[in-house]
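The next block holds one structure in the form of structure tokens; read it before the comments.
Quantities reported herein were computed from a predicted structural model and do not represent experimental measurements.
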Amino acid sequence: MNPRQRRGLLTLLVAAIGAIVVFFGVASYVGQVRTEVGPVTEVYVAAHPIAPYAAVLPKDVKKVELPEKYVRATMVTREQDFVGFKAVSAIAEGAWLQRDMLIPASSIADGQREISVNLDADHGINGRVRPGDVVDVVAAFAASRDSQVSDPSVRRAQIPYNIAGILVRNAHVVSVGSRTPVGVDVGDALEGDPNPKATVAVTFAVSVGEATRLAYAESFAVSVRLMRAGNNETGDKVDDDDLSFDDRGLPGVLLPGETSARNDSGNSRKKATNR
């Protein structure tokens with residue numbers, strides 16, 4: 001081996017040793033950085049601009065790694081945290097997704113509306129109805145021409161007889177509020193009344209027509225209650241005659257003299273119908 005070859009070999013050895021030293025130096029530095037940074041977590045950022053109230057879909061976001069010590073509790077770290085949600089306001093490309101940027105997208109179907117109705121806390125719900133339940137809404141109306149009632153909370157619809165029946169069938173319960181004391185009973189509650197009158201706001205997802213019926217019942221019904229079916233309901237055990245009844249079907253509870261008057265009224269209606 002001539003001197004030139006020996007110098008070349010020596011240069012290669014020095015270069016190899018230098019590469020090894022650099023490799024271990026870089027590895028040591030990376031390890032030190034990782035030790036200082038700590039473990040990382042995947043978080044979501046906007047892959048492109050997202051318009052206000054637009055649904056956030058998987059194609060709208062991308063995952064990036066972020067050291068756990070920099071991850072805030074409000075950051076979106078799971079797909080389930082944004083699927084089914086929409087943007088509250090415009091989200092810029094590259095922005096970290098935060099939970100307060102998103103609101104649940106409506107689950108109601110086309111043609112449906114959400115409407116809240118205040119029901120008596122004890123009689124209307126009584127703790128048995130939960131979001132996601134399907135219920136029938138029953139209302140009772142007092143006749144406007146009956147004897148006067150001193151209680152101003154009893155509202156009367158312009159109908160000739162007392163009647164109760166199902167206003168809405170298979171209404172989907174979206175949310176159930178908490179008990180709220182109402183009216184003069186709020187003062188009673190402050191004075192230590194253990195059973196003040198209270199209402200609970202229940203939100204339903206129903207058709208537009210059913211929403212108007214619920215609003216009417218809240219305004220004029222003497223009582224509004226919810227009926228909750230079991231999981232073995234088939235529908236073939238309920239007849240149309242079960243859906244409502246009125247004074248004319250309860251002659252035994254009418255005052256003396258009222259039966260004939262109601263019967264005459266019913267006969268008059270039948271004659272008018274036949275004509």
The reported gap from CG in L57 to CD in E79 (rounded to nearest 0.5 angstrom) is 10.0 Å
*For N170 and D136, run side-chain contact (heavy atoms from CB on, under 4.5 Å): C-alpha distance rounded to whole Å, both residues' side-chain angles, the deciding distance at 0.1 Å, then the answer.*
CA-CA 5 Å; N170 299 322; D136 294 339; 4.1 Å; yes
Smallest heavy-atom separation, A171 atom then F204 atom, equals CB-CD2, 3.9 Å
Interatomic distance, CG@L226 vs CG@L119, rounded to 0.5 Å, equals 5.0 Å
#### Entry: Hydrophobic cluster identity match, V176 and V224, side-chain contacts under 4.5 Å
yes
So if you build clusters from Ile, Leu, Val, Met, Phe, Trp, Tyr with side-chain heavy-atom gaps below 4.5 Å, do F220 and I163 land together?
-> yes
Q | Residues H48, D60; criterion side-chain contact (heavy atoms from CB on, under 4.5 Å); working and verdict | A | CA-CA 6 Å; H48 54 78; D60 300 321; 2.9 Å; yes
In this structure, CZ of R228 is separated from CZ of R130 (nearest 0.5 Å) by 8.5 Å
Practice problem: Check the pair V71, T77 against side-chain contact (heavy atoms from CB on, under 4.5 Å), reporting the backbone distance first and the verdict last. | Solution: CA-CA 9 Å; V71 177; T77 58; 4.2 Å; yes
- prompt: Do we see a donor-acceptor contact under 3.5 Å between the side chains of E114 and T203?
  reply: no
Nearest heavy-atom contact between A211 and V206 is N-CG2, 3.7 Å
CG (L66) and OG1 (T41) are apart, to the nearest 0.5 Å, by 7.5 Å
Treating Ile, Leu, Val, Met, Phe, Trp and Tyr as nodes and any side-chain heavy-atom pair under 4.5 angstrom as an edge, say whether V202 and Y216 lie in one connected cluster.
yes
Give the table of side-chain donor-acceptor pairs shorter than 3.5 Å for residues 91-99, with sequence neighbours excluded, one pair per line with atom names and distance.
from	atom 1	to	atom 2	distance (Å)
Q98	OE1	T74	OG1	2.6
R99	NH1	A73	O	2.5
R99	NH1	M75	O	3.4
R99	NH2	D81	OD2	3.1

> Side chains of T199 and D120: does their closest heavy-atom pair fall under 4.5 Å?
Replying inline: no
Worksheet item: With hydrophobic residues grouped by side-chain heavy-atom distances under 4.5 Å, do Y70 and V76 end up in a single group?
Response: no
Nearest heavy-atom contact between A142 and N162 is CA-OD1, 3.2 Å
- Task: Determine whether I103 and K86 make a side-chain contact, defined as any pair of heavy atoms from C-beta on separated by less than 4.5 Å.
- Result: yes
dist E218:CD -> L167:CG (nearest 0.5 Å) comes out at 12.0 Å
field: Shared hydrophobic cluster for V88 and V56 (ILVMFWY, side-chain gaps under 4.5 Å)
entry: no
V174 and P131 have their tightest heavy-atom pair at O-CB, 3.4 Å
Distance col, row R113:CZ vs L214:CG, nearest 0.5 angstrom, shows 14.0 Å
#### Entry: Y44 ring center within less than 6.0 Å of F82 ring center
yes
Begin from the C-alpha positions of S207 and Q112 and carry the test side chain to side chain donor-acceptor pair (under 3.5 Å) through to its verdict. CA-CA 4 Å; S207 68; Q112 286 190 320; over 6 Å; no
